[in-house]
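Read the structure below first, then the notes.
Lettering of chains follows the sequences in order, A, B, ..., and the numbering in each one begins at 1.
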There are 2 protein chains.
Amino acid sequence: MSQSIEQPADGTRDRTPARAVPTSADVARLAGVSRATVSYVLNNTSAVRISEPTRKRVREAAQELGYVPHAAARSLRAGHSRMVLLPAAHVPVGPLYSRFLNDLQWALRRLDYTVVQYGSIGLDPEDAARAWAELRPVAVVSTGEVEVTPAAVDILKRSGVKAVISVGTRPSGGTHSLVLDQPRVGRVAAEHLIATGRRRIGVVVPEEPGLEMFSAPRLEGARTAAGAVGATVVPLPLAYTEESAGELAARWPELGLDAVFGYNDEYAMLLMRALQDAGVDVPGATAVVGADDLLLGRLLRPRLSTVRIDMVLGGELAALVDGAVNGTADPVGGRSLLDSRVIRRESS
Amino acid sequence: MSQSIEQPADGTRDRTPARAVPTSADVARLAGVSRATVSYVLNNTSAVRISEPTRKRVREAAQELGYVPHAAARSLRAGHSRMVLLPAAHVPVGPLYSRFLNDLQWALRRLDYTVVQYGSIGLDPEDAARAWAELRPVAVVSTGEVEVTPAAVDILKRSGVKAVISVGTRPSGGTHSLVLDQPRVGRVAAEHLIATGRRRIGVVVPEEPGLEMFSAPRLEGARTAAGAVGATVVPLPLAYTEESAGELAARWPELGLDAVFGYNDEYAMLLMRALQDAGVDVPGATAVVGADDLLLGRLLRPRLSTVRIDMVLGGELAALVDGAVNGTADPVGGRSLLDSRVIRRESS
DNA sequence: ACGAGTCATTGACACGTGTCACTCACCCGA
DNA sequence: TCGGGTGAGTGACACGTGTCAATGACTCGT
């Protein structure tokens with residue numbers, strides 16, 4: 001793709017020669033009133049009455065100067081902010097998860113929170129927590145990767161954070177934990193394969209770094225399901241390349257597997273194609289199941305069976321955050337939720 | 001997927017009964033020194049010498065109280081922040097673009113910037129700019145969707161923003177614009193199809209909202225390429241569902257197209273499958289080209305031809321931001337760049 | 001013994017805002 | 001005429017930090 005950089009024409013470049021940014025004091029001066037009055041007018045404070053002519057003068061002065069309040073000063077004075085900190089994951093998460101994050105951001109935004117992404121590079125959990133605490137967010141929503149230890153939670157709480165919410169594979173101490181039941185994904189997949197008569201089940205484990213958080217519990221879930229009926233589970237390391245898939249497929253006869261859970265629709269599609277190219281019949285010789293129910297999975301032949309994951313909606317999580325901040329939340333332990341379930345197509 | 005909410009055990013719940021968060025004054029009091037000394041010690045100010053015993057007392061006091069500086073107060077005093085504002089797009093962008101955004105965030109983080117996502121809901125450009133300006137960011141990197149008008153740029157600059165960078169389809173006035181040459185994507189695709197003897201070219205236009213920003217210029221690029229040699233371009237509205245693709249495929253004979261550019265690998269795969277199911281020979285009767293060079297595109301048969309887009313690296317853009325902030329940047333107009341080019345596989 | 005010079009530390013201000021308590025002018029009723 | 005009430009606005013403080021100029025205490029050379 002062609003790209004080009006364009007810099008501002010020199011004419012407009014320094015039309016603003018280091019002019020200081022206007023403050024409410026400047027507005028007050030221009031309007032001929034006190035700074036307090038400016039604050040009252042611009043914030044529409046109802047407890048104080050200001051005459052209409054004065055209001056108008058203030059508004060016009062603010063307009064003319066292009067005055068914009070300073071959020072930091074405001075929240076410093078107020079003693080609290082409406083910032084939600086979102087420790088960012090540096091991993092190539094799937095489309096489902098990234099869509100969830102995007103939705104979450106927008107839902108929070110709609111509730112008038114400011115979302116701050118914050119990647120913590122190579123810091124241990126407590127140092128990361130200290131870095132986060134500097135921003136004095138009102139809530140921290142950790143979406144995995146960065147572990148939130150109890151000590152880290154304590155640091156955050158002590159800095160005024162109202163709610164620490166961790167959405168991950170297991171509950172963290174002292175936080176409102178939203179547990180995404182990853183093992184269940186592997187379990188239902190394995191159960192489905194077993195129900196169709198399979199006994200030696202491969203489970204793809206992506207080699208891409210950062211995905212163990214998801215892949216390990218899924219593998220474990222498959223193991224428990226298999227263990228219950230004496231079936232076998234074999235972990236299959238796989239990189240997201242055609243070569244890696246080809247090599248794995250070449251070893252297929254010696255592995256003696258009659259089914260495989262592909263971790264993902266993407267990895268499953270990759271592997272299924274490699275198997276077919278290697279002459280393995282799907283689903284005759286080996287059944288294949290993915291996860292995420294991507295539309296693209298329906299385009300291959302046979303159509304890919306998959307585990308449909310009903311991810312919690314971004315809006316729901318945002319509401320939980322809001323509730324936790326206000327203290328009104330805590331929809332207690334229950335909150336029985338959507339299942340992940342198998343959608344059988346043709347590959348299994 | 002099963003999910004459950006867990007709230008903190010009541011024992012640890014209010015172990016901190018509204019205890020105020022410690023400030024540097026508290027540290028000073030505990031260490032028996034002045035607040036200034038605390039500031040000097042904790043910031044390792046080199047211009048002032050503090051005795052080693054005192055340093056130790058201060059550090060221990062800070063440690064004991066769990067003191068964490070207040071970023072807002074700090075940047076208020078300093079008069080500037082290191083916050084980069086990233087107006088968030090509420091659209092389901094492709095994996096390529098979202099990966100680019102993720103990289104950008106991490107690269108900025110590595111340069112010690114704080115990345116703030118900010119969705120502006122239904123505001124006109126100037127109101128949005130005012131909302132952004134309240135945060136007093138040092139730079140704003142707009143990635144499309146939200147239009148940055150010259151007036152908006154003025155508002156931002158006036159609030160102290162050092163650099164406004166817009167990465168999009170066309171340069172915006174007064175900003176450092178990074179132009180992603182979307183038309184070129186459509187052009188090279190069309191040129192390739194024409195070179196293989198096709199004359200009536202369909203161009204998929206996704207119906208999903210928010211993608212016009214990409215699809216319109218690509219369509220336009222295809223038009224110019226076709227116009228140069230008297231070929232025809234037909235826009236093809238398509239939703240990302242099997243039904244929509246099926247309907248479009250059913251109308252295929254009457255459209256009389258011998259080639260189609262699918263906007264995307266994903267849309268192209270969807271359409272190609274529908275065409276095949278409708279009995280259209282690919283590439284015999286109709287050639288298909290996608291874009292993004294997704295790995296999954298190589299799994300279908302015939303393998304999908306595609307336009308490989310060498311997106312600017314997140315790290316490069318971050319460096320540009322940093323340079324613009326420091327004023328050292330402006331690698332002037334040139335910066336000749338990577339091309340988007342066709343990778344021919346089997347579908348064309 | 002005394003001025004000069006270094007060392008360690010501190011008091012005070014500024015950053016930009018929100019808000020409480022207070023002042024001032026004015027009007028009304030007795 | 002005077003006390004009290006009301007409407008319109010203001011002075012001053014606090015939020016938590018960084019940093020400059022100033023203050024003592026102490027040492028040293030003559």
Output the rounded distance in Å from CD (A/E52) to C1' (D/dA8).
13 Å
A/T37 side-chain N/O to D/dT10 phosphate OP1/OP2 under 4.0 Å:
yes
Contact class for A/S75 vs. all strands (heavy atom < 4.0 Å): base, sugar-phosphate, or nothing?
nothing
Chain A reaches DNA chain C, atoms under 4.0 Å from its heavy atoms, from C/dG16 to C/dC20
Would you classify A/S24 as touching base, sugar-phosphate or nothing, given that sugar-phosphate means primed atoms plus P, OP1 and OP2, and contacts are heavy atoms under 4.0 Å?
sugar-phosphate
Between D/dT19 (C1') and B/I50 (CD1): distance, integer Å:
12 Å
Between B/A36 and B/L76, who's closer to the 5' end of DNA chain D by nearest nucleotide?
B/L76
In whole Å, I'd like the distance from the OH atom of B/Y40 to the P atom of D/dA22.
13 Å
Could you tell me whether A/R74 contacts a base, only the sugar-phosphate backbone, or nothing, with contacts defined as non-hydrogen atoms closer than 4.0 Å?
sugar-phosphate
Contact class for B/V48 vs. all strands (heavy atom < 4.0 Å): base, sugar-phosphate, or nothing?
base
Look at the side chain of A/D103 and the backbone N and O of A/F100, then say whether any donor-acceptor pair between them is shorter than 3.5 Å.
no
Side chains of A/V27 and A/P22 in contact at under 4.5 Å (non-hydrogen atoms):
no
So, do A/R109 and B/Q117 sit near enough that their side-chain heavy atoms are less than 4.5 Å apart?
no
Would you indicate whether the side-chain heavy atoms of B/R55 and B/V58 approach each other to under 4.5 Å?
no
A/Y113 meets the ring-ring contact (aromatic ring centres under 6.0 Å, His included) criterion, sequence neighbours left out, with none
Thinking salt bridges, do A/K157 and A/D154 make one under a 4.0 Å N-O criterion?
no
By nearest-heavy-atom nucleotide on DNA chain D, the more 5' of A/R35 and A/R136 is A/R35
On DNA chain C, check which nucleotide each of B/S34 and B/G79 is closest to and give me the residue with the more 5' one.
B/S34
N or O in side chain of A/S51 less than 4.0 angstrom from D/dG9 OP1/OP2:
yes
Looking across every strand, which nucleic acid part, if any, lies under 4.0 Å from B/A78 by heavy atom: base, sugar-phosphate, or nothing?
nothing
Without hydrogens or angle criteria, can the side chains of B/W132 and B/S120 be said to hold a donor-acceptor pair below 3.5 Å?
yes
Can you tell me how far C1' of D/dA8 sits from CZ of A/R49, to the nearest Å?
9 Å
